[in-house]
Amino acid sequence: MHTIFLFLLFSMKKRFFFRNMGAILTYAFVGTTLSTFTVAGIMYGVTQLFEHLAKSFTFLDSLRFGALISATDPVTILAIFTDLHVDVNLYAIVFGESVLNDAVSMVLTRTLEDYEESLQSNDEPTPTYITVFRVLGEFLGIFVGSFLMGAMFGCLTAALTKFTQIKQHPQLECTLFVLMSYASFLTAETFQLTGIVAVLSCGICQAHYTYNNLSDESRLVTKQFFGLLNFMAENFIFCYVGVSMFTFSKHNFDPAFIFGSFFAIICGRAVNIYPLSFLLNLGRKSKITWNLQHMMFLSGLRGAIAFALAIRNTLTDARQMILTSTLVIVMVTVVVCGGSTVSLLTWVSVKTIFSHNTDPVFW
């Protein structure tokens with residue numbers, strides 16, 4: 001996934017990404033947290049309605065499902081957005097939110113896993129307020145540490161490409177760029193941090209600083225190389241998801257849980273987009289219109305990150321049910337929402353390259 005993030009960062013106009021940073025951070029952090037607890041609350045209610053689910057699921061299981069399923073992955077929609085030259089603010093917000101909320105979901109899931117392990121190993125009950133502060137502190141520590149780690153590698157790459165004569169050796173320059181990007185991921189994982197957050201911050205620094213320091217030849221080669229990796233990784237991920245649907249040996253299909261999951265993610269996405277958009281519009285000059293809000297709501301596909309988090313633990317019936325439901329949600333949202341993007345853009349009246357009423361805003 002880190003190759004996809006890097007390619008998309010290099011392909012878009014960075015100024016629109018940073019211009020909408022406030023909205024992106026709000027949707028990614030506040031919105032993902034709201035979505036997590038909304039989905040968790042609904043799914044816990046669903047599991048309590050059915051006796052066979054109530055025996056298997058705890059609120060911690062529901063919370064973990066809410067955290068992982070809140071990760072959106074609109075790679076397909078973003079590709080169509082690029083081809084149709086949709087509104088630049090819409091593209092920047094959807095892209096930025098999807099990248100950051102992947103990171104938030106991963107850190108939330110990791111924090112819940114650590115908390116669950118501490119509960120199993122600790123015989124003495126811990127006061128609730130201490131537990132809340134400990135979980136919050138761990139979340140902030142992992143996220144901030146990972147972000148700083150990636151930023152350090154990104155700035156180091158920028159300094160090496162600016163203050164050395166490496167431009168005279170384009171092949172070495174490209175190799176350094178790629179290896180430093182991957183080193184941020186490996187180093188973060190070595191220090192028990194989150195590599196995906198480190199790659200994100202490293203990619204932001206490299207797209208804003210390092211990429212401009214590269215020679216013309218290195219820019220072309222680097223962009224083509226990450227484009228190739230992006231294409232291969234994207235196809236491999238969705239092939240693996242499709243194969244897992246039919247070959248995984250521990251599926252646990254439950255219609256009640258699956259239908260409840262679809263209802264929960266719709267409510268969670270709505271809670272993420274509409275109330276926060278209203279609050280953001282109070283202070284924005286460039287308003288997030290209803291048309292853009294509807295398209296952002298419909299862009300909430302689930303993909304590789306949700307699948308990867310769900311498949312990490314399938315030891316219990318609840319976790320197997322979570323994996324199966326996640327796979328169904330991924331396939332349905334990708335096929336339905338991704339396949340109908342052009343029709344959705346027309347339906348919600350978002351201007352594209354094919355609009356006749358006004359000139360499109362090109363990248």
Side-chain angles (χ1 to χ4, degrees), residues 1-19 73-86 88 91-92 94-96 98-100 102-103 146-147 149-190 195-240 303-305 353 362-363:
M1 286 302 296
H2 66 282
T3 56
I4 298 177
F5 291 159
L6 290 172
F7 176 73
L8 290 174
L9 276 168
F10 298 147
S11 298
M12 71 177 295
K13 294 290 186 182
K14 269 75 72 176
R15 68 177 182 273
F16 294 104
F17 179 83
F18 291 104
R19 184 182 298 173
D73 186 23
V75 174
T76 305
I77 285 182
L78 288 174
I80 298 174
F81 280 2
T82 302
D83 292 337
L84 298 181
H85 299 280
V86 299
V88 287
Y91 185 99
V94 171
F95 165 72
S98 67
V99 172
L100 278 174
D102 284 348
S146 303
F147 199 90
M149 180 74 71
M152 180 188 69
F153 275 91
C155 293
L156 179 60
T157 311
L160 289 174
T161 53
K162 185 175 181 62
F163 298 109
T164 65
Q165 299 299 318
I166 198 171
K167 286 184 179 180
Q168 299 177 5
H169 308 280
Q171 189 174 15
L172 180 60
E173 190 179 28
C174 295
T175 303
L176 173 70
F177 189 94
V178 173
L179 291 181
M180 290 294 281
S181 303
Y182 191 51
S184 66
F185 177 87
L186 295 178
T187 306
E189 291 293 330
T190 301
I196 204 75
V197 180
V199 167
L200 170 63
S201 60
C202 181
I204 291 174
C205 292
Q206 288 181 336
H208 200 59
Y209 299 108
T210 311
Y211 190 71
N212 296 323
N213 297 335
L214 299 178
S215 62
D216 292 338
E217 183 179 350
S218 295
R219 288 184 191 181
L220 178 61
V221 172
T222 302
K223 191 170 184 178
Q224 290 177 340
F225 177 71
F226 278 113
L228 174 63
L229 289 182
N230 168 65
F231 180 79
M232 293 174 62
E234 182 181 343
N235 281 275
F236 172 79
I237 288 168
F238 285 108
C239 286
Y240 184 60
I305 296 297
I353 192 174
F362 289 96
W363 292 91

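Quick note: residue numbers are just sequence positions, from 1.
We find the CD-CG distance between Gln206 and Leu156 to be 10.0 Å, quoted to the nearest 0.5 Å. Within the model, atoms CZ of Phe185 and CG of Leu200 stand 13.0 Å from one another, a figure rounded to the nearest 0.5 Å. To the nearest 0.5 Å, atoms CZ (Phe147) and SG (Cys205) are separated by 7.0 Å. Here Leu176 contributes atom CG and Thr164 contributes atom OG1; the two are 8.0 Å apart, rounded to the nearest 0.5 Å. Note that OG1 of Thr210 and CE of Met180 are 8.5 Å apart. Values are rounded to the nearest 0.5 Å. To the nearest 0.5 angstrom, His169 atom NE2 is 8.0 Å from Ile166 atom CD1.
Pairing each heavy atom of Ala158 with each of Asn213, the nearest pair is O-ND2, 3.2 Å. In terms of heavy-atom proximity, Val86 sits nearest to Tyr91 at CG2-CB, 4.3 Å. For the pair Ala188 and Gly195, the tightest heavy-atom approach, listed with the atom from each and the gap, is CB-CA, 3.9 Å. When every heavy atom of Lys223 is checked against every heavy atom of Tyr211, the shortest pair comes out as CD-OH, 3.8 Å. Here the closest heavy-atom approach between residue Cys174 and residue Thr222 is recorded as SG-OG1, 3.7 Å. Contact record, Leu214 with Lys167: C-CE, 4.3 Å, taken as the closest heavy-atom pair.
The backbone N or O of Asn212 sits nowhere less than 3.5 Å from a side-chain atom of Lys162 that would complete a donor-acceptor pair. With hydrogens and angles disregarded, a donor-acceptor distance shorter than 3.5 Å links the side chain of Ser184 to the backbone of Ser181.
Between Phe177 and Thr161 there is no side-chain heavy-atom pair separated by less than 4.5 Å. For the pair Phe226/Val178, a side-chain contact is recorded, criterion being any heavy-atom separation below 4.5 Å from C-beta on.
With sequence neighbours left out, Leu220 forms a side-chain contact (heavy atoms from CB on, under 4.5 Å) with Gln224.
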